[in-house]
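Within every chain, numbering begins at 1; the chains are lettered A, B, ... in the order of the sequence lines, protein sequences first and strands thereafter.
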Protein chains: 2
Amino acid sequence: MNFEAITIKDIATALGLSVSTVSKALSDSYEISEKTKKIVIEYAEEHNYRPNPIAKSLKQGNSKSIGIVVSTIDNQFFSQVINGIESIAYSKGYNVIITQTHESFELEALNVKHLTYRSVDGILISLSTETSDVEHLKSLHKKGLPIVFFDRISEEINTHKVIADNFNGAFEGTQHLLDSGYKRIAHITSSPDISITRERLKGYTKALEDRGIAFNEDYVKYCMHGGRDLDEIKSALNDLLTIENRPDAIFTASDRITTTTLLLLQQMKVKIPDEIALLGFTNTQLADALNPSLSTIYQPGFEIGKNAIEMLISIIESKRPVTEFETRVLPTQLYIRNSSSPAKRD
Amino acid sequence: MNFEAITIKDIATALGLSVSTVSKALSDSYEISEKTKKIVIEYAEEHNYRPNPIAKSLKQGNSKSIGIVVSTIDNQFFSQVINGIESIAYSKGYNVIITQTHESFELEALNVKHLTYRSVDGILISLSTETSDVEHLKSLHKKGLPIVFFDRISEEINTHKVIADNFNGAFEGTQHLLDSGYKRIAHITSSPDISITRERLKGYTKALEDRGIAFNEDYVKYCMHGGRDLDEIKSALNDLLTIENRPDAIFTASDRITTTTLLLLQQMKVKIPDEIALLGFTNTQLADALNPSLSTIYQPGFEIGKNAIEMLISIIESKRPVTEFETRVLPTQLYIRNSSSPAKRD
DNA sequence: CTGAAAGCGCTAACAA
DNA sequence: TTGTTAGCGCTTTCAG
């Protein structure tokens with residue numbers, strides 16, 4: 001966008017100064033007299049001078065931009081995370097390039113590659129459901145690219161990480177179902193390859209264990225595409241509904257799986273919560289308006305985003321190599337609504 | 001991200017060639033022998049050479065990035081639009097910077113300014129609810145910055161535009177309500193300053209007119225903040241519900257207003273559609289799962305995004321100044337569900 | 001306090 | 001067919 005842009009050179013010639021003087025004056029250098037500074041700055045403002053960030057980047061070797069990799073922005077949780085990221089990034093002079101993996105490993109690798117082509121100063125990433133191998137990130141990380149993981153993290157790379165308290169969220173959710181009298185609690189979740197699946201499964205298992213309920217493998221269904229595929233949720237549900245000792249409650253582990261399960265159960269005319277209760281992770285704002293209103297485990301998306309970008313910027317702007325890393329765990333919130341409370345129905 | 005990056009210069013010295021030879025070889029110039037090309041390209045691949053896009057941008061005066069301005073990405077319609085934009089942009093080598101106005105004029109102006117600082121090659125914008133003055137865009141447009149409007153457009157700037165068929169969507173929606181036997185149809189909409197409000201209002205009015213129903217000003221409520229403010233929708237609803245000749249149906253004009261209206265009516269224990277029917281513009285995927293399932297007017301968000309970016313790129317890459325502009329109007333889709341069909345309830 | 005000049009990585013006009 | 005060189009806009013030594 002260099003349409004009619006005025007440059008330092010223009011100012012210099014107009015004022016009969018050298019480019020370096022103008023450059024220094026503009027950056028308020030001690031080497032320049034107040035008088036000259038004033039002249040330069042006034043002229044610059046009058047002529048609407050804007051420094052060219054590309055030239056600056058080239059010189060300084062950074063781009064003041066960071067890359068975000070998520071599965072889809074078309075998801076309340078991630079758009080909240082992105083809002084959190086942007087709220088900090090812009091105020092610190094960074095801009096943000098958002099890319100989507102659509103849960104594909106291939107797309108994830110491609111996006112990361114593109115981001116490095118784009119010379120981003122760092123990457124914020126939540127892994128795709130398909131990703132089990134993180135070699136594409138490891139090599140970049142080794143070369144010095146700052147990376148911060150959030151949501152779906154990798155243990156194989158030692159860097160800052162931010163997650164919701166998935167274990168506890170799942171634990172409390174399952175506990176609530178047990179407290180409400182449900183005994184045969186099924187679990188529909190994503191690929192076991194990603195961190196959140198494992199953490200949430202642990203919380204679920206622990207809650208059962210605490211009540212002396214045996215873990216039943218048939219009650220756990222994995223959707224390898226994170227619920228993008230309607231069919232995988234459908235078949236999981238079919239399995240669960242036709243199984244011997246059919247479950248009386250379902251605990252779902254991700255935004256899309258939760259809402260899709262509700263939709264499918266409705267289509268199947270299965271009464272919630274009478275025939276089967278439902279509770280799941282989701283950040284939808286419509287939980288109250290659903291039929292029935294949906295019991296949810298809410299993740300602090302905005303806060304996760306804020307934390308992640310702060311940590312990333314701290315790495316980027318650190319003078320010396322960062323070697324001490326931290327994993328921040330933010331609490332989830334349990335909202336009990338009608339889909340899991342037989343007593344509360346109206 | 002210039003960590004250990006290899007440059008053209010490195011290749012040149014390693015191979016005993018000049019930088020220009022390498023540069024030309026890499027871009028497959030006719031001036032370079034096949035033999036040299038092969039050597040250069042092989043070396044480049046072996047050493048994982050990546051051109052520095054910043055240097056290229058500086059030289060070529062473009063940034064291969066475009067800016068998007070929307071109210072919030074945390075909105076199904078806009079995230080679908082963005083998906084459409086990205087689907088084309090990336091394949092054409094552009095990357096995308098997303099900014100949000102949160103319906104504030106000030107933020108919109110600021111974002112646009114930031115985008116120009118960032119040297120974007122063009123801007124895709126849907127105006128904020130607060131925006132009636134488009135001087136901030138006009139001046140940039142005059143200077144030659146390619147701009148394409150979508151969704152909420154401005155008549156004051158002559159450029160490409162993409163919108164849903166708001167008039168017809170509203171017309172069909174209102175007609176459907178009339179066909180279903182509703183006679184006193186209220187309309188809750190955004191600020192009258194934005195294009196979509198006017199277009200949808202016209203469709204609503206026309207449908208009434210066609211049936212010989214007088215337009216009742218008291219039935220139309222404007223939410224100046226596009227429904228971001230819960231209170232403005234609340235007070236609109238209170239007015240409508242306490243009015244003489246209380247409406248028997250509400251037609252809502254935007255995503256947020258539609259879903260919030262449903263939530264509020266539920267809270268107020270107003271039976272939908274028995275006491276009041278509801279139909280509105282929204283792209284939520286959960287319409288079927290709501291209580292009651294929600295009749296909606298759906299905009300082709302993905303297609304709107306695709307069209308907008310294609311038009312923008314055509315301006316950016318046009319050799320000569322573009323003077324002929326086009327406004328594309330894409331059809332909406334009406335989904336009739338229970339919130340507007342007394343007969344269909346179950 | 002101010003200016004000349006080099007250079008960030010790349011492209012392209014021109015020379016050889 | 002290959003090389004030399006200038007320059008994109010800016011920062012930053014180093015001289016003056």
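The interatomic distance linking Lys35(B) (NZ) with dT2(D) (C1') rounds to 12 Å, in whole Å. Between the P atom of dG9(C) and the CZ atom of Arg50(B) lies a distance of 17 Å, rounded to the nearest Å. Atoms CD (Glu31(B)) and P (dT11(C)) sit 13 Å apart, rounded to a whole Å. Separating the CG atom of Leu26(A) from the P atom of dG9(D) is a distance of 15 Å, rounded to the nearest angstrom. Rounded to whole Å, the distance from CD1 on Ile8(B) to P on dG7(D) is 20 Å. Rounded to whole angstrom, the span from the CG atom of Leu58(A) across to the C1' atom of dA6(C) amounts to 13 Å. As a whole-Å value, the separation of Lys56(A) NZ from dT12(D) P is 10 Å. As rounded to whole Å, 10 Å separates atom P of dC10(D) from atom CD1 of Ile6(A).
Among the atoms of the strands shown, none is found under 4.0 Å from any heavy atom of Ser27(A). Among the atoms of the strands shown, base atoms are found under 4.0 Å from some heavy atom of Ser23(B). No contact: Ile54(A) has no heavy atom under 4.0 Å from any strand.
Of the candidates dT11(D), dT2(C), dT2(D), the closest approach to any side-chain atom of Ile32(A) belongs to dT2(C).
Residues Tyr30(A) and Val19(A) each lie close to DNA chain C; by heavy-atom proximity, the contact nearer the 5' end of the strand is made by Tyr30(A). With the nearest nucleotide of DNA chain D identified for both Gln60(B) and Ser18(B), Ser18(B) has the one nearer the 5' end. A residue-by-residue look at Thr21(B) and Glu34(A) shows that Glu34(A) has its nearest nucleotide of DNA chain C further toward the 5' end.
Residues satisfying the side-chain hydrogen bond (donor to acceptor under 3.5 Å, both in side chains) criterion with Thr36(A), sequence neighbours excluded, are Ser33(A).
Taking a cutoff of 4.0 Å between a charged side-chain nitrogen and a carboxylate oxygen, Lys64(A) and Asp121(A) do not qualify as a salt bridge. For the pair Arg228(A) and Glu103(A), the salt-bridge criterion is not met [side-chain N within less than 4.0 Å of a carboxylate O].
The base of dT4(D) sits within donor-acceptor range of the side chain of Ser20(B), with an N or O pair under 3.5 Å. For dG9(D), the base has no donor-acceptor partner in the side chain of Lys59(A) [N/O atoms by modelled type, under 3.5 angstrom]. Residue Lys9(B) places no side-chain atom within donor-acceptor reach of the base of dG7(C), judged by atom type and a 3.5 Å distance cut-off alone.
Between Lys306(A) atom NZ and Ser87(A) atom OG the span is 5.5 Å, to the nearest 0.5 Å.
For residues 127-159 of chain A, the ring-ring contact (aromatic ring centres under 6.0 Å, His included) pairs, not counting sequence neighbours, are Phe105(A)-His136(A).
Remark: side-chain polar atoms of Ser314(B) are paired, donor with acceptor, to backbone N or O of Met311(B) under 3.5 angstrom.
Contact annotation: Ser57(A) side-chain N/O to dC10(D) OP1/OP2 distance is not under 4.0 Å. Between Thr36(B) and dT2(D), a side-chain N or O to OP1/OP2 separation shorter than 4.0 Å is present. For the OP1/OP2 pair of dC10(D) and a distance below 4.0 Å, the side-chain nitrogens and oxygens of Tyr49(A) include at least one atom meeting the criterion.
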